[in-house]
> 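Let me begin by handing over the structure; questions about it come next.
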Amino acid sequence: MKIKSNIAVSDNGFVFNPASGESFMVNPVGLGMLNMMRKGQSQEQIVAAIQEDYRAEAMTIERDLLDFVEMMRQYRLLQYDDE
Amino acid sequence: MTMTSKKTYERPVIKKLENNMPNKFGTRTIFEPISHLEGQAVNDLIAKYGSPLFVISERKIRKNFRKARQAFETRYPRVQFAWSYKTNYLDAVCNIYHQEGSWAEVVSGFEYDKAIRNGVQGNKIIFNGPDKSETDLRKAITNHSLIHIDHLDELYMLQDIARNLNIRPKVAIRVNMDTGVYPTWDRFGFNYENGQAWDALNKILFSGMMDLVGLHTHIGTFMLSPSAYAVAASKLAHLAQSVLTKYNHEIKYIDMGGGFASQNTLKGSYLPGSDISPSFDDFAEAITTALMNSDYRPKNPPLLILETGRALIDDAAWLVSTVLANKRLSDGRRSTILNAGVNILFTAFWYDHKITPAQPFTSYTEDTAIYGPLCMNIDVLRESVTMPLLNKDDHMVIHHVGAYNMTQWMQFITLRPKVVLIDEQNKVHVIRNNESIDNIRSLEHVPDHLLNFE
Ligand SMILES: Cc1ncc(COP(=O)(O)O)c(C=O)c1O
């Protein structure tokens with residue numbers, strides 16, 4: 001789950017893909033996850049970090065993270081090994 | 001513990017900005033959370049009575065009724081409502097209407113018996129519908145109920161029974177007609193345009209065995225056009241005048257049936273029902289003007305009867321339910337599964353019901369499909385609706401569910417939930433208990449040879 005390297009992310013959650021010209025908004029939890037993904041952190045690290053900051057169970061966060069990643073894949077924001 | 005210093009979690013979401021302008025997070029949801037119903041917290045209601053749960057407001061029922069009655073009574077001297085039992089026949093609900101002065105409108109022996117058991121006087125029960133058994137008719141004749149004849153076979157059966165009992169049944173005929181709204185409901189009653197209705201009236205008056213007291217029509221349901229009622233009222237008035245001219249017989253009432261649209265939004269409708277549904281005043285104006293302008297000139301103006309159902313009760317009830325799970329569909333859309341489906345929300349087949357969370361939410365939204373819990377593809381509450389981010393165990397309020405759901409619900413794979421009524425002092429009463437497996441099994445019988453297996 002690596003994010004394409006040319007994707008721009010602003011501090012307030014505005015996401016821009018220069019390759020497609022598409023832009024997106026993420027909410028604060030999503031922004032936190034996205035930034036950790038950009039730093040190459042693992043799923044476990046991300047879940048643990050979110051749990052530090054928010055009132056939520058690890059299981060919930062993990063499930064939501066996988067869904068979030070799936071949405072990013074749908075929006076073609078993820079880097080694949082064959083790309 | 002540092003729990004309290006942690007922030008409130010909201011699931012992560014990414015939303016595409018269609019116009020490339022970061023103008024807030026897409027469209028804001030247009031609604032607020034509904035955390036309380038008639039002064040009662042949804043969370044408390046669910047904790048005490050379970051989820052899903054039907055919640056009915058006595059205050060709203062009475063308010064709607066008074067508004068409808070006023071719309072007609074300010075325009076016409078003699079008005080009578082008859083509560084359409086099939087719309088919602090929970091006894092407590094029927095009795096609110098009866099306390100407000102409504103008669104009962106029933107369409108089966110079962111509904112007839114319910115009205116009698118509720119204490120409605122026989123002569124204040126209107127008996128409609130194509131399915132009246134001989135036993136039903138005997139009872140109705142003996143009780144002096146108002147029998148609305150649907151077809152010729154019923155007319156002949158009534159004559160036979162009347163002869164045997166030596167009582168004159170009080171009858172009306174149901175008339176169907178072209179009102180300019182299509183498809184016309186021509187399955188029920190006698191047709192106006194092709195002369196069937198006039199023939200039936202002649203048969204009744206010629207036989208001399210029945211009292212023709214009224215004329216009835218019910219032109220359709222969820223009617224958005226007051227002018228259709230004006231057409232129907234003129235046609236009934238014309239029939240009444242023909243009867244007066246030929247037989248010197250004055251009918252006592254004209255019954256315009258039900259069918260006024262409620263504030264719900266029909267599936268596929270672009271505009272919400274609250275914007276396009278005519279008001280009681282609109283319908284009342286159309287009907288009473290048509291009656292007064294008609295060529296009917298009786299000595300006593302006929303009583304105007306209305307059998308309004310859905311428009312009186314739809315917005316007086318809610319279905320509260322709980323989020324079971326969230327899923328991502330293969331096209332990327334979000335789907336949310338509630339514990340209430342089309343088994344108890346039959347009207348989801350007709351309406352795009354408004355659904356709102358019962359707890360606060362933020363302005364992030366997603367296009368969401370909302371499903372019920374049945375293992376069936378047709379169990380869809382909303383195909384696509386902008387929803388805030390929902391979490392498992394969140395509570396949801398489904399609006400405008402008062403009509404037809406608590407009568408057409410089905411016991412499919414699970415048991416039907418409780419129904420509570422919140423009275424005018426905001427006190428909660430259980431008016432129908434949840435079903436138990438024993439209720440269901442008590443009707444079954446397993447033959448001896450099927451009792452045992454390895
Ligand atoms: C004879 C008759 N009267 C009244 C009603 C109530 O109709 P609505 O709920 O559309 O007002 C119905 C419903 O189908 C009906 O068949």
Side-chain angles (χ1 to χ4, degrees), chain A residues 1 3-4 7-38 41 43 46-78, chain B residues 1-29 322-337 357 359-371 384 386-395:
Chain A
M1 44 179 218
I3 294 187
K4 284 182 179 166
I7 303 287
V9 182
S10 80
D11 288 347
N12 62 3
F14 180 58
V15 179
F16 183 62
N17 179 357
S20 66
E22 291 171 327
S23 47
F24 306 85
M25 286 304 272
V26 289
N27 64 352
V29 173
L31 181 63
M33 289 179 173
L34 204 156
N35 280 328
M36 287 184 264
M37 284 164 71
R38 291 169 87 209
Q41 298 194 5
Q43 184 176 311
I46 296 176
V47 171
I50 295 288
Q51 208 184 2
E52 277 287 295
D53 288 353
Y54 293 92
R55 269 191 304 278
E57 285 176 29
M59 229 171 62
T60 307
I61 301 171
E62 182 179 311
R63 185 196 60 205
D64 291 346
L65 173 62
L66 291 175
D67 181 63
F68 183 64
V69 171
E70 170 59 19
M71 278 315 284
M72 302 230 298
R73 194 183 62 73
Q74 294 261 356
Y75 287 138
R76 288 185 223 90
L77 297 171
L78 295 190
Chain B
M1 283 286 283
T2 55
M3 279 297 279
T4 46
S5 65
K6 288 191 183 183
K7 288 179 267 186
T8 303
Y9 178 78
E10 176 186 62
R11 65 185 170 76
V13 66
I14 177 161
K15 195 177 163 95
K16 187 164 164 195
L17 299 173
E18 297 298 344
N19 55 5
N20 274 353
M21 292 229 296
N23 60 348
K24 253 292 185 204
F25 284 59
T27 41
R28 269 190 77 93
T29 44
T322 304
V323 174
L324 295 177
N326 287 296
K327 267 187 192 173
R328 185 67 63 191
L329 300 176
S330 60
D331 64 1
R333 236 171 351 133
R334 187 91 190 159
S335 75
T336 292
I337 305 169
Q359 50 282 310
F361 49 84
T362 62
S363 57
Y364 305 94
T365 59
E366 261 189 299
D367 186 15
T368 307
I370 300 187
Y371 297 132
S384 172
T386 305
M387 270 286 144
L389 309 186
L390 304 171
N391 296 301
K392 178 169 158 50
D393 301 328
D394 275 358
H395 295 150

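Quick note on labels: first sequence line is chain A, next is B, and so on, each numbered from 1. Just the heavy atoms: all of them, side chains too, but no hydrogens, waters or symmetry mates, feed the values below.
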> Compare all side-chain heavy atoms of A/Thr60 with those of B/Lys392 and state whether any distance is below 4.5 angstrom.
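Not in contact.
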
> Can you see which heavy atom on A/Tyr54 is nearest to which on B/Thr8, and at what distance?
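Shortest heavy-atom separation between A/Tyr54 and B/Thr8 comes out as CD2-O, 3.4 Å.
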
> Please enumerate all residues that pass salt bridge (Lys or Arg N to Asp or Glu O under 4.0 Å) together with B/Asp331, with sequence neighbours excluded.
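B/Asp331: salt bridge (Lys or Arg N to Asp or Glu O under 4.0 Å) contacts with B/Arg333.
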
> List for me each residue that meets ring-ring contact (aromatic ring centres under 6.0 Å, His included) alongside A/Tyr75, sequence neighbours excluded, and say none if there are none.
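Here the qualifying residues are A/Phe24.
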
> Atom CG in A/Asn17, atom NZ in B/Lys16: separation rounded to 0.5 Å?
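It comes to 10.0 Å.
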
> For A/Gln51 and B/Lys6, which heavy atoms make the closest approach, and how far apart are they?
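Answer, listing the atom of A/Gln51 first, then B/Lys6: O-NZ, 2.7 Å.
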
> Please answer whether the main-chain N or O of A/Asn27 pairs with a side-chain N or O of B/Lys15 as donor and acceptor at a distance below 3.5 Å.
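Checking the backbone N and O of A/Asn27 against the side chain of B/Lys15, no donor-acceptor pair under 3.5 Å is found.
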
> Of all heavy-atom pairs between B/Pro12 and A/Met33, which one has the smallest distance, and what is that distance?
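Closest pair (atom of B/Pro12, atom of A/Met33, distance): CG-SD, 3.5 Å.
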
> More than 12 heavy atoms of other residues, nucleotides or ligands under 6.0 Å from CZ of A/Arg38: is that the case?
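Above 12, so yes.
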
> Check the surroundings of atom CD in A/Glu70: do more than 12 heavy atoms from other residues, nucleotides or ligands lie under 6.0 Å from it?
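More than 12 heavy atoms, drawn from other residues, nucleotides or ligands, come within 6.0 Å of this atom.
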
> I need the minimum non-hydrogen distance between B/Glu10 and A/Val29, along with the two atoms involved.
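B/Glu10 and A/Val29 have their closest heavy atoms at O-CG2, 3.1 Å.
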
> Does any N or O in the side chain of A/Asp53 come within less than 3.5 Å of the main-chain N or O of B/Lys7, such that one atom is a donor and the other an acceptor?
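It does not hold such a pair.
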
> Could you pull out the closest heavy-atom pair between A/Asp64 and B/Tyr9, with the gap in Å?
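Closest heavy-atom pair between A/Asp64 and B/Tyr9: OD2-OH, 2.8 Å.
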
> So what's closer than 4.5 Å to chain B heavy atoms on A/Leu77: side chain, backbone, both or neither?
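Looking at A/Leu77, just its side chain touches chain B.
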
